[in-house]
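Below is one structure, written out as structure tokens, with a few remarks after it.
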Amino acid sequence: MELLMQQPFYKRLNLGDWLFALFIAVVTGYTFSLYGSRMDIYEDLILLGSGAGIVALGWFWGSWRWFFPLAGAMSLLAIELYDHNLARASESFGLKYLLSSQSSFMWMCTLFFLATGVYWAGLLSRSALLNRIGSGLTWAASAFALAGLFTRWYESYLIAPDVGRIPVSNLYEVFILFCLITALMYLYYEAKFAARQLGAFVLLVITAAVGFILWYTFDRQAHTIQPLIPALQSWWMKIHVPANFVGYGAFALSAMLGVAQLLSRRGILTDKLPKADVIDEMMYKAISVGFLFFTIATILGAMWAADAWGGYWSWDPKETWALIVWLNYAAWLHVRLVKGWRGEPLAWWAVIGLLVTTFAFIGVNMFLSGLHSYGSL
Amino acid sequence: MKSQKKPASPGYRLYELLSSMRFAIGLLTILSIASVIGTVLKQNEAYPNYAFEFGQFWFKAFEYLGLYDVYHSAWFLTILAFLVISTTLCIVRNGPAFIRDMKGFREKAAEGSLKAMKHSRELAVPLGEAQAVALIQQRGMRYKRSERDDGSIVLAAKKGSGSKLGYFFAHIAMVVICIGGLMDGNLPLKIGELTGSIVPETRELPQGQIPQQSRLGANNLSFRGSVTVVENKSADVIFLNSGKGYLVQELPFIVTLKKFHVDYYSNGMPKLFASDIVVTDKASGKETPATVKVNHPLIVDGVAIYQASFGDGGSPLQLKAWNLAQPQSSASEIKGVSLNSQPLRVNGQDYQLEFGDLRVFNIENMGKREADGKTLQQRMHDVREVKQDTKNLKNVGPSITYKLRDSHGQAREFHHYMAPMEQEGALYQIAGVRSEVAQPFQYLRIPLDDELKVDSFMRLQAALKNPALYDEIARRTTAKAMQGAAISPAMEKQFGDSVKWILARFGEGGFVALEKFLDARVPADKRQAIAQTYIKILQGAVIDVMAVAQEKAGLKPWPQDEKHYRFLLDGLVTVSAFNDYAAPLYLELQGFEQVQSSGLQMTRSPGKNLVYLGSLMLVIGIILMFYVREVRLWLVLRAGSVRVAMSSNRHNRDLDEDFDKIVGALSPRAGDA
């Protein structure tokens, strides 16, 4: 009767879970011993919350237990190599070719391109091995992305103490965040649903983002680090932006799953892809996660706006488009959950949803003016 | 054809429609599309801007549709109201059934319906009641026991009723948020405007003279407006935008601006905008000093005070006026105050001098785009490099704008910088002019002398425009030409006349005057060569112009070197360009005492907490709906067999797995595992 045991939550944790928690607790404690004397109560709470969040994510998702420490170790190594001196970026071999934020991001771009190719080869040749390699490359790209973001955070402080800020404050940085979050969410579902064949589709949208990052870097020098203008100097930014990108990432993911599902239902690649119903369920899961985080992000944005712009809702174009995106997915979820729609219409809707989301994400910055102008191209 | 059912009453049909799913989805769609309009068309601009952009017909049409303030237009609010009604009715319609469902265990479920469930199986194994209860409790489920007439025992178990609770949370949240938003909206103002009790003011009046019908009392529940306060001045009202005009909102306190601060990063980007203010309560006289920064509002009496903008507050200025119509006269001093105007009499004509903004910091991007002309390798290197932005932002120092309006009301606008600016290795004073607000400024650059002053240029200009000096200048230039054997003695008189003639043309109208003459009098094929000659003569003569000017002013002659020669060549270009400047005066900013102003936005939004409460409920509701799975389990215990039936609010793989687990565990030999 053991199988039936639905034990309380804490009893279900295994040794690995506890070891991971212990490890993060020790790291958090060590961090506190280093910097605790300079932190105020809010920062104490944020540190504690971050530690708890990382542990929770590790318990929820096994892969996080090695991924996060790996990315952390990469960025700590980069910080060690920097040794408080920004000029080391071009002197130290490790930084110049591997770990400085820009090198990390270039590796991320390269690895995502490779992963896309390998996933497609794996899909078309039905090779489980190639798909596994695709997964591995995606993991590696994600590690570089996360480590690069951490390192960039540190680098900004090396430029000047008053320049230092979290790297989620301009379009260049959030595009990297987008690639990272979309890839990680995909990797989670890939493992959960044993659906590696879908990487070919999901990586397409990441590749598009990578293409944008490269254009933005080479043509516009967008990778340079700028200090924060007064409007962005707020701790709301640290949670509003990442929450938003969980939403954007999930919606992008669901749209690509929608494409895969549509092809599969039309007899294209049907025998090579997972069952359409499985893709359908993944799509639903992605949208429900995205919807939750997008809701939270919009609310956080409203609370920030109440501090910064004098009102929680100003019908600013970005806000309005966020509302449109939210209404769109609210309607999607209603017809699925209440009307019981499944399959093709919802897949189409998810694909169209990506267009709406993309406009809210980039189009508003390109074509419409408003309070969110710091994200402009 | 006869209908079996009695037709529903129209009222009930309406209720059904309003509370229906398709109506709600339709509303969401309409709301989305309507929202787009306000993002495409810029909202709440000044009405004349719209009229200018769309033309009179469309301006009126769009005004009628309320497109300039879509989100507060009657039709948009109607859609929102319908959304609230629809959501409320949805709750009313489905709520009771949901609550029953949440409470109930469905222990009376008929055998037939249990059998018909997708996850249902009869297992030929005996199961004791104690065992069954243990199984249910191990899964963290609550249950209810019931006995059927045939003696079998039904254990109806369930968990995850919170999922239904989530429905209530999420949908009530929407209503709560909309009510909160409505409280903070400007609906009362709109109604006031419709009934005529509130009339927006469209004229520019001093605050004290604005009539009562455009004023709102301090007890107004919700408002959002702004006011500009000058340093060491106070404000006790704010201004609310209202369509074509504005309204005055009285405040329960007085705000005094002590000082406004701007800080910059080392690269020239702004780092801090802050106002040191003192808030004095009107009733108690209590003073609260505070600093308001972007992202750090001050909340007094339920009114939040925000740092919104900043600008010049009217700074005393000292200027030097150069009379361009009479360049020989010396410059005079003028005093003024930015953002103010004063009458001015120049050469017998009356003008109005209207000062605009004094801007003490002008951050300009001086850098060129680095990517241009780089090899791929260099670019690859750049991309790997970690550095601060390459934009070369630089503070080019204070500037002033002013308009000079003549007695016909015609005005030209000027934009003058105070500090010398370096261009291609030399220093200049930069001055811009335009005749229409929509045009960009045309800038001319005045070369600065060794003392970094414009005086030498003004002397040069005066001499070039002074026919009385032409004889002397021509004499010197001719003598120089003779000395250098550039001309034969026979040509002496003719050359001297040419110099005088060229100086006169240039003095009248610059290079353009010379060009006009060439176009009118010289055959096209010779123009180029003659123009070259003119310029050569002018470039030679300008040295003598300066020398004569210096002598006349009793100053020592200029050294003849490359730097000074460049000054003279630049001077020729600028003298020529000054013809387009078309002003009787050139005002040079000499000094100022900066007085800043700060734009403060103030809001009172009593609905905010309601909106936040609704938001919290919404998040809780979504989490409950999506992440709490309602699972029901029935175990029908009979002698020798048991029926296992399961259902869930969502049919997905999790339910399949759960069902398989339970069935597997109850099947013979599973217990050995």
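Convention: sequence-line order gives letters A, B, ...; per-chain numbering from 1. Just so we're clear, the structure is a prediction, and the values are computed from it rather than from any experiment.
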What's the verdict on side chain to side chain contact (heavy atoms under 4.5 Å, CB included) for A:S314 and B:R224, showing C-alpha distance, side-chain angles and the deciding distance?
CA-CA 10 Å; A:S314 314; B:R224 183 171 179 179; 3.1 Å; yes
Please step through side chain to side chain contact (heavy atoms under 4.5 Å, CB included) for the pair A:W313 and B:V611, ending with a clear verdict.
CA-CA 10 Å; A:W313 197 261; B:V611 170; over 6 Å; no
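Between A:L292 and B:Y627 there is a side-chain heavy-atom pair separated by less than 4.5 Å.
Both the backbone and the side chain of A:V335 come within contact range of chain B, with heavy atoms under 4.5 Å apart. At a 4.5 Å heavy-atom cutoff, the contact between A:A302 and chain B is made by backbone atoms alone. Contact annotation for B:V619: both backbone and side-chain heavy atoms come within less than 4.5 Å of a heavy atom of chain A. Heavy atoms of B:L272 lying under 4.5 Å from chain A belong exclusively to its backbone. Heavy atoms of A:V289 lying under 4.5 Å from chain B belong to its backbone as well as its side chain. With a 4.5 angstrom heavy-atom cutoff, A:L337 touches chain B only via side-chain atoms. With a 4.5 Å cut-off on non-hydrogen atoms, B:S35 touches chain A through its backbone and its side chain both. If you measure heavy-atom distances from B:V36 to chain A, the contacts under 4.5 Å come from both the backbone and the side chain.
Atoms CG and NZ, on A:D307 and B:K293 in that order, are 12.5 Å from each other to the nearest 0.5 Å.
Aromatic ring orientation, A:W315 versus B:Y71: parallel (interplanar angle below 30°, classes split at 30° and 60°).
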Donor-acceptor pairs under 3.5 Å, side chain of residues 227-234 of chain A to any protein atom, not counting sequence neighbours: which ones?
unit_1 : atom_1 : unit_2 : atom_2 : d
A:Q233 : NE2    : A:L228 : O      : 3.1
A:Q233 : NE2    : B:Y265 : OH     : 3.2
A:Q233 : NE2    : B:K271 : O      : 2.9
A:S234 : OG     : A:W236 : N      : 3.2
A:S234 : OG     : A:W304 : NE1    : 3.4

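Side-chain atoms of A:Y312 and B:D184 form a donor-acceptor pair, as typed in the model, at a separation below 3.5 Å.
The residue among A:L333, A:L323, A:N328 with the most heavy atom pairs within less than 4.5 Å of chain B is A:L333.
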